[in-house]
Structures are given as structure tokens and as C-alpha cells.
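Letters A, B, ... are given to chains in the order of the sequence lines, protein chains preceding strands, and every chain is numbered from 1.
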Amino acid sequence: MSAIQKVYRSRGRKSSVLRRWVGLVVLAVIIAFVTRWGLLNAVFVSPNPDDCRAAQGACWAVVTSQWKLVLFGTYPFGEIWRPSIAAVVLLGAFFIPLARPRLLILASSWTVALVIATGLFDGRPFGLQYVEPHEWGGLPLTLLLSEAAILLAFPLGLALALARCSGTVILRSLALVLVESIRGVPLVSLLFFATLVLPLFLSGLSGLDKLYGAAAAIILFNAAYISEVFRGGLTTVPIGQLDAAKSLGFRWTSMQRFIVLPQAFRACAPSLVNQAVGIVKDTSLLAVLGLFDFMNSAKLALVDARWRGNFVEVYVVVGLAYFLMCFAVSVLGQRLSSSLERPSKGDEAVTRAPLPSIVVAESQS
Amino acid sequence: MLEIAPSVTNHQIGDVIIEMRKVEKSYGSYKVLRGINLSVSRGERIVICGPSGSGKSTLIRCLNQLEEHQAGEIIIDGTPMSAGARGIDSIRREVGMVFQSFNLFPHLTVLENCTLAPIRVRGISKAEAEATARTILKRVHIPEQAQKYPIQLSGGQQQRVAIARSLCMSPKIMLFDEPTSALDPEMVNEVLDVMVELAESGMTMLVVTHEMGFASKVADRVIFMDAGEIVEVAPPTEFFNAPQSQRTKKFLGQVLRTQAG
């Protein structure tokens, strides 16, 4: 070790000790402030905003006293048991593939849950009072839209990617035009286009509720991005793999299913998880159409002038809820992608593949 | 001088299994194959050699239509190769191919590499496919590696798995596209030994290789290609001892000198 390296090393050690202490102090201050503001001095339940003004801490009462608005938005208050059950069903279906991370299990459990949940929201399939889709709202709606969009955008994106890599010129150029035109437009304008402009030209769509148009826009928009992620994964599969598959007599579909896609998936799994998390947050753009997703519903709690000053608390609650949802999606994505990585048997050469992601995670922290 | 001692000769040569008539192939204006005529009999072992860019790989890749030819006829076991996609799939099932770069499926174990096509393409049951695969892995001398992934094996072992993978489809013809060119020198023989054993079992083989020792030992006929044409076809004794064409002589001079040294 050279003298210069020694100096750097000892300096590094000193500064890391110092840094650790500074860090701990800063952390302690933050924790002290948050507990005092958020717990000790906070008002959790009170119908009266004046109680909050008297206290020094957070006013969670803005949320708790108006929980129906925050959680269910514009859904008719008498019927909120329906979206409640829908939310439980959707959450349940979300956790099933977490326990058994298989794509087929995810697809089937989510499909069943989405059908039941939509039926409950709508009411008619269960012989209940009809609630129009633009009245649906709150956290259950965000769950419904997120799961529906993730479930549909991924297969559509995969289809677009395969079309774009196919040998057929018509398919390839159709996919290209579709992907590029969707990707080149902000989601907000796509939402307006799907709900306002399209029904003007296609009379068949004029009766359709704007919620469905909005959902379609979110799905299409994300499918375009996902298709590019998949395409990146597909290009990592060497041409020799296709030669080998063809020489064994594989037809196109089984070649994709058993040889190309498993390898492509592995290459682009982290970016795909990224897209899934993005979809959850994209659903909050429904607000621009006057629909009440969870974000927009929570803001209803501030409509009452007496509560208007407590916006910080509302956004903290909303932020925490979105964080939990996105974190859950991210964990599920990681479970699914690591289920694709076969366990290695002893040899370090096999464990080489997942290593880079660990290194990245450490260097970021 | 190379020792010409055909050690694998006593075998049956049957009816014609591959027929190529005036086959032409070009990339743009560049002609890779200029009217190839070749007929191969069942059980015959053919070694194709020639300088790089002479079209030897393209020739055998046309036989299972990894490359499409533009003119001429290719008939494999009675089925013409222009019979549309369905026909090509069914011919590919009967024609095994081994590549220079192995092309094993990296996400599957050795055993899965060997059973995937029999299960998914031939529709054989998993148990049966695995039993066959284990027998064939024994034949290529790596039964103990069945549960490993390709990346855990040496080059020579990978190429033997690739041979096993093709054999698991019980093909009628085996094509080898420079099977030892990507291997470290000490691993070449373990692969060639497996190929010799395969030849002894009576498999119809077309082998593109620069291993002249293998050619002299195994081949019924050696084909020399240059600039997209078949220049010379002869049994190994004639081919190595009395080559007719000037181009063959020049090529042999170069190859044998490097391989002797």
C-alpha cells in the first residue's frame, strides 16, 4: 500500500466516524420532531377543527373525521360497503401471487378479483343499485384501476414488442406507429383524447363512461412504454438461440414461450417492475377528468373551509398510502423476477447474473 | 504426411436421403452458393472443408432452412424444402444441428436442454424424454452433469450437451457446423471422439470442419468448397493423397501444414 493510499484510508476512516455521529444526531432530531408533531402533540380524532388549532401537533382529525370522503370519494355513502368489499377482494388477490410467485397465478387471481370488484362497484351484476362509473372513487377505485391497468398493459405491451420484432412488415410498422404516437404524447392529453375527442368521432363510444376511456388511455400509454422495455429484453437474446430452437423444430410460438421470453424477461425484469410502479401513480391523473381516484378523493377533505389549513396532514396520509401501494407492487415484482432466476447449485458462475443489481442497490444507499 | 487409415468403414450405405440440385443462394449481389449439386445416402458421412467464406456453413444451414436458398431444389428424405412453413418444421425435427458456438439454452439445465424439444415439439411424456436424455448423456460421457446449467460446464462439455440435445430428437441426419472451432485445443478431442462414436452408430452426418484427422478417419467422402462451388468430391484416401484440383492442393497444403505443426 502506498503512502498516499494510507493517508486516504485513515482520512476515510476518521471522516466516516464523524459522518456516522453527525448522521445519528440529525436522525435523532428528525425522529424527535416527527414523534412530537405526529404523535405526542397530535389530535387524532375530533369532529371540531378548533381542537386542532389549540394543539401544537398534527391534526389527523382532518382525515379521521371525514374518512368516508377520503376513502371513498364520490361513491354514494349508503353503499360504501360495496367498494369496501371490492377493496378487500382486490388486496387479497394482490397477495396471492406474493405467496406463490407465478405469472399464471397472478393473472388468474387478479382477473377473478377484478371481475368481482367491478361488479360490486357497478352493482347490476349482483342485483344491486347501479352506481355510474364516474361516481366511483377513493382508494378502492385506485386499487381497481391499478390492478386492471397492470394486468392488461403488460400482455398488450408484450404483444406490441413481439409485433415490432416480427418478420412481417405490416405488423412491424403498425406496432411502430402505435408505440411512437402514444409515447410521443403526454398521458394527460391522451386522457382527454380518449374521454372527450374519441366519443365525438366514434358514436359507439359516446355512451361509454369516461372512466372506461380513461382506463383504456392509461393501459395503452403504459403498454407503449412496456413494449419498448420488452423489446430491449428481446434484443438481448442471441440469434444463435433462435437458430438452435429452429433447428430442433420449434414453431414460432413455442420458441418464444420456452426459449426467447424466459431469457428476455430476465434481462428486463427491473425495468418492468419500474413500469408497474409507475402505473399505480399514473392512476392519480384521473383527477384532471374530474374523476375521484384516491388522491382526488382525499383532497375533498379540504373542501370544508374549516379544515382547509390542514392540507399537510392530508398529503402525508395520501403519500404514505401511495408509498405502501408502490412498495407492495415493487416487492411483488421482485418476487416474480427472482422466481425466474433458478437457484444456483454451488458454482459462482451462475450467481453472477443477479450480482449487478445488488451492487447498484448498495452504491445508491 | 497425414496418416490415412479409415477406421470406421464397415457400415451400410442406403438410399438417397439428401438431394441438392443447382442450389443457389446470395446475400444481395454476393453469391454464396453457385449451383450446388450434391446427393447424400442414408448412413453416409460427409466432411465439408474449404477456406472461410467458401459457403460451407451456408450449405448446411440451407439443409434445415436456417438460410433460405433462392434457386434450385433441396429434397430431404423425400420432402422438398420449399413446402411451406409446416413442412419445414417437420423436416427440422428430423435434422439435428450442432453449432460452432454451442447455442445451449442458458436458462435451462443440461437435462432440460435435452428434454425441451422432445416434450414440446414431439409431444413425448416428460418421464420418457428424461429417460432418453439420460441414456444419451451417458453416450456423450456426461451423465453426471444433468442437473447443471450450461454456464457451469467447460466448452467441450457444452458441445457434447449440444450433440446430446440434438440426438434426443432421434434425428435421421446430423449437421455439424465447425463443432470444434470455438473450443480450446485440449477439448477438441473429447468432442471429436463423441462424433466418431456417432459415426460408428451409422448416423448420416454432414460435418463442416478443418479437422483433417477426423475427416480421414470417419468420412466416406470429403467435399472441398471454394467460392460457393463444390470443387472436389472424393473418398479421403484419394482426397488427401491425390487431390485433382489446384485449389484443393493449395488448401490442403495450408491446412495440413498448420495442423502438423
Item to check | Contacting moiety of B:F105, where chain A heavy atoms sit under 4.5 Å | outcome: both
Item to check | B:D15: partners by side chain to side chain donor-acceptor pair (under 3.5 Å), with sequence neighbours left out | outcome: B:R42
Item to check | Over 12 foreign heavy atoms within 6.0 Å of CZ, A:R102 | outcome: no
Checklist entry - Around atom CD of B:E68, are there more than 12 heavy atoms of other residues, nucleotides or ligands at under 6.0 Å? => result no
Checklist entry - B:T180 versus B:F214: any side-chain heavy-atom pair under 4.5 Å? => result no
Next on the checklist: Counting C-beta onward and ignoring hydrogens, is there a side-chain heavy-atom pair between A:L151 and A:L106 closer than 4.5 Å?
Outcome noted: yes
Checklist entry - Taking only heavy atoms into account, what residues of residues 115-144 of chain B are found under 4.5 Å from chain A? => result B:L116, B:A117, B:R120, B:V121
Checklist entry - Where along residues 158-178 of chain B does a heavy atom come under 4.5 Å of chain A, listed by residue number? => result B:R165, B:S166, B:M169
Checklist entry - With A:L285, which residues qualify under side chain to side chain contact (heavy atoms under 4.5 Å, CB included), at least two apart? => result A:L187, A:V188, A:L191
Next on the checklist: Over 60° means perpendicular and under 30° means parallel, so tell me whether A:F258 and A:F250 are parallel, tilted or perpendicular.
Outcome noted: tilted
Checklist entry - With under 30° as parallel and over 60° as perpendicular, where do the rings of A:F221 and A:Y225 fit, or are they tilted in between? => result tilted
Item to check | Nearest heavy-atom neighbours spanning A:N274 and A:S271 | outcome: CB-O, 3.0 Å
Checklist entry - How close do A:V280 and A:C326 get, heavy atom to heavy atom, and via which atoms? => result CG1-SG, 4.0 Å
